[in-house]
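Working notes, structure below.
Numbering of ligands and ligand atoms starts at 1, following listing order. Hydrogens, waters and symmetry mates play no part in the numbers below; they use all other heavy atoms, side chains included. Remember, it's a predicted structure, so these values are computed and weren't measured experimentally.
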Amino acid sequence: MASLIKLCFFFLLLVQASLLLSTLVRSDDVDENDIVQGINSYRQSLNLPALIKHDKADCLADEIADDIEDQPCTSPTNGANIVPTMQTKLPNLPSHLRKCKIDVNSTTDGVIMPVCVPKAVSTLVLTNYTRSPRYAKYLNDSRFTGVGVGSESDWTVVVLATRLSLVLGS
Ligand SMILES: *[C@@H]1O[C@H](CO)[C@@H](O)[C@H](O)[C@H]1NC(C)=O
Ligand SMILES: *[C@@H]1O[C@H](CO)[C@@H](O)[C@H](O)[C@H]1NC(C)=O
Ligand SMILES: *[C@@H]1O[C@H](CO)[C@@H](O)[C@H](O)[C@H]1NC(C)=O
């Protein structure tokens, strides 16, 4: 009887450990849909149309998140705003653009916004976009119509695209 209770107890511990593990794994990177929804609520509060998920912007955001995943949050990339024609901050940018079939000459109005928040807590990531003036000004810009989000570990990358880059980049 005692050993049966011990067995049950052990089983319960196992279940708890695996639940804990799965939450830890899931909280590893941010929920990308949460970020898009949050940005669109912010746009709605400013009477701007919602951004539409843009495949190429999404591709680029994923590639960049993969690229910078191992950088510490103290890296200058955190909070930088990068336009696709500016390659100094992201040396691998040209190859990411090629991989995502984006013509750099057609995307001068795009913007890449990488944010690093320890544990990538969605709400903190979102306030980083909506509260920092350098990013909020892009979110509050009716020229942008498309959005892509990528995330890896502590990093979230939001890419905004204009109607122009939607047409020419396809
Ligand atoms: C983009 O523009 C630059 C300079 O104007 C030019 O050298 C380059 O060939 C163009 N690239 C493409 C893919 O059209
Ligand atoms: C962005 O996130 C970092 C890390 O959590 C935090 O220190 C910083 O204050 C945040 N900035 C804004 C504008 O929310
Ligand atoms: C958003 O942009 C409009 C028009 O440029 C400006 O009047 C408004 O103050 C901005 N709002 C915020 C919160 O930045």
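Residues satisfying the salt bridge (Lys or Arg N to Asp or Glu O under 4.0 Å) criterion with Glu63, sequence neighbours excluded, are Lys99.
Summarising the geometry of Gly38 relative to Leu126, their closest heavy-atom pair is CA-CD2, 3.5 Å, with the distance given to 0.1 Å. Closest approach of Val111 and Asn81 over heavy atoms only: CG2-CB, 4.1 Å. In this structure, Ser142 and Leu48 approach most closely via the heavy-atom pair CB-CD2, 3.8 Å. Across Pro114 and Tyr135, no two heavy atoms sit closer than the pair O-OH, 3.2 Å.
The backbone N or O of Ala120 sits nowhere less than 3.5 Å from a side-chain atom of Trp155 that would complete a donor-acceptor pair.
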Please tabulate, one line per pair, the protein N or O atoms found under 3.5 Å from any N or O atom of ligand 3, giving the distance to one decimal.
{"residue": "ligand 3", "atom": "2 (O)", "partner": "Asn140", "partner atom": "OD1", "Å": "3.2"}
{"residue": "ligand 3", "atom": "2 (O)", "partner": "Asn140", "partner atom": "ND2", "Å": "2.4"}
{"residue": "ligand 3", "atom": "11 (N)", "partner": "Asn140", "partner atom": "ND2", "Å": "2.9"}
{"residue": "ligand 3", "atom": "14 (O)", "partner": "Asn140", "partner atom": "ND2", "Å": "3.1"}

